[in-house]
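Here's the structure, in structure tokens; my notes come after.
Convention: sequence-line order gives letters A, B, ...; per-chain numbering from 1. In this text the structure is predicted, and so the values were computed from the model without any measurement.
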Protein chains: 2
Amino acid sequence: MDAELSVTENEAKYLKLIYRKQCEESIKVKTTAVAKFLRVRPATVTEVIQNLSEKNLLRHRRYHGVELTKKGIAEARKLLRTHRILEILFTDILDNAQRACNEASKLDCHASRDLINAICRAYGHPEICPCEKTIFSDPKCKKKQMGG
Amino acid sequence: MDAELSVTENEAKYLKLIYRKQCEESIKVKTTAVAKFLRVRPATVTEVIQNLSEKNLLRHRRYHGVELTKKGIAEARKLLRTHRILEILFTDILDNAQRACNEASKLDCHASRDLINAICRAYGHPEICPCEKTIFSDPKCKKKQMGG
DNA sequence: CTTTAAATTTAGGGTAACCCTAAAATTCAC
DNA sequence: GTGAATTTTAGGGTTACCCTAAATTTAAAG
């Protein structure tokens with residue numbers, strides 16, 4: 001089921017934001033907060049949230065906020081893994097973590113899994129990004145086993 | 001005038017294709033050819049072409065094909081510069097020029113000029129990409145001057 | 001030069017993803 | 001419980017895509 005799952009650039013923004021709040025800061029995600037952060041109207045947030053909900057990426061309890069599903073968490077982690085791997089690459093090139101983060105944001109929902117895994121390998125499977133956040137691992141990105 | 005000029009991902013595809021035909025292969029660009037290449041209907045091509053024409057990126061002589069304007073050529077070169085610089089970076093990482101090209105295609109209209117110039121610098125201002133195509137220069141991407 | 005086939009454009013539709021305001025519904029805090 | 005704040009619905013609007021069918025124009029063949 002569930003064919004390919006395509007998330008738009010905008011939806012990716014929502015997922016990353018919600019993940020960071022919900023999973024990394026344990027803050028309950030409210031419509032108005034998202035609206036302020038993304039500089040849109042609350043009604044717009046509700047609408048996008050409903051789309052994400054139809055894609056089973058999150059559950060929406062009317063008037064009470066949202067919670068990512070397993071699938072939503074997986075998708076958000078995929079995006080954040082991509083984001084953070086790109087941050088490493090770009091920090092190397094730009095020599096400026098903040099700019100690297102900005103660039104990564106623009107590209108993180110367009111980079112393929114294979115590319116990200118290749119970069120990951122090239123940098124020795126790093127576990128944290130320049131901002132000290134965890135880089136989630138990808139089972140398809142084989143680490144070289146330690147000898148023994 | 002002409003504010004910021006934003007080209008969608010799809011429009012970028014058209015520009016790159018038209019540029020390569022017109023400027024690199026000297027082939028007159030016809031609606032049906034573009035339609036076949038991009039796997040859409042001719043009517044769709046006409047429509048997109050009309051949009052690009054309104055943005056002054058090309059001239060459209062009804063029933064006779066299109067020709068990029070100066071502005072269109074500049075935009076296409078910007079996109080192809082980006083594409084080819086990314087190819088260099090990704091060939092380095094993926095060790096496979098074909099895949100590098102595919103990945104570059106996905107990202108080339110999202111990467112910022114600053115990032116591209118930083119990569120360009122990191123690779124010593126290369127003049128050709130892995131497929132031997134010219135990498136257009138960007139005046140803002142200063143080459144180190146040869147001594148003397 | 002005319003006819004007909006091929007290429008192209010117009011006309012008319014359709015979808016999806018964005019965005020908004022205003023009004024209704026619900027919750028929260030006093 | 002009631003009023004203020006939050007959130008959702010209802011109703012609209014745009015833009016970028018895509019399509020088919022019919023009209024137009026060009027080009028090729030006789």
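- Sorted by first and then second residue, the side chain to side chain donor-acceptor pair (under 3.5 Å) pairs with a member in residues 27-37 of chain B form an empty list; sequence neighbours excluded.
- For A/Glu9 and D/dA16, the CD to C1' distance is 14 Å, given to the nearest whole Å.
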Atom pairs and distances, donor-acceptor, side-chain atoms in residues 72-91 of chain A, under 3.5 Å, two or more places apart:
residue	atom	partner	partner atom	Å
A/Glu75	OE1	A/Lys78	NZ	3.3
A/Arg77	NE	A/Tyr19	OH	2.8
A/Arg77	NH2	A/Tyr19	OH	3.2
A/Arg81	NH1	A/Phe136	O	2.9
A/Arg81	NH2	A/Asn117	OD1	2.6
A/Thr82	OG1	A/Lys78	O	2.9
A/His83	ND1	A/Asp108	OD2	2.8
A/His83	NE2	A/Glu87	OE2	3.2
A/Arg84	NH1	A/Glu24	OE2	3.3
A/Arg84	NH1	A/Thr134	O	2.9
A/Arg84	NH2	A/Glu24	OE1	3.3
A/Arg84	NH2	A/Glu24	OE2	3.3
A/Thr91	OG1	A/Glu87	O	2.6

Interface polar pairs with nucleotides 24-30 of chain C, N/O, under 3.5 angstrom:
residue	atom	partner	partner atom	Å
C/dT27	OP1	A/His64	NE2	3.3

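- Cluster membership check: A/Tyr123 does not share its hydrophobic cluster with A/Ile128, using side-chain heavy-atom separations under 4.5 Å among Ile, Leu, Val, Met, Phe, Trp and Tyr.
- A sub-4.0 Å separation between OP1 or OP2 of D/dC18 and a side-chain N or O of B/Asn10 is present.
- What separates CD1 of B/Ile49 from P of C/dT10 is a distance of 11 Å, to the nearest Å.
- Of the side-chain N and O atoms in A/Thr8, one or more sit less than 4.0 angstrom from OP1 or OP2 of C/dC18.
- Between A/Leu52 atom CG and C/dC18 atom C1' the separation is 13 Å, expressed in whole Å.
- Looking at residues two or more places apart in sequence or on another chain, you find a salt bridge (charged side-chain N to carboxylate O under 4.0 Å, His left out) between B/Arg113 and B/Asp138.
- A distance of 10.0 Å separates CG of B/Asn96 from CG of A/Asp114, quoted to the nearest 0.5 Å.
- A heavy-atom distance below 4.0 Å to DNA chain C is reached by these residues of residues 14-39 of chain B, ordered by number: B/Lys30, B/Thr31, B/Thr32.
- Per the geometry, CD belonging to B/Glu11 stands 8 Å off C1' belonging to D/dA16, to the nearest Å.
- With respect to the salt-bridge test (charged N to carboxylate O, under 4.0 angstrom), the residues A/Glu9 and A/Lys106 do not qualify.
- For DNA chain C, the residues of residues 40-48 of chain A within the heavy-atom distance limit of 4.0 Å (strictly under) are A/Val40, A/Arg41, A/Ala43, A/Thr44, A/Glu47, sorted by number.
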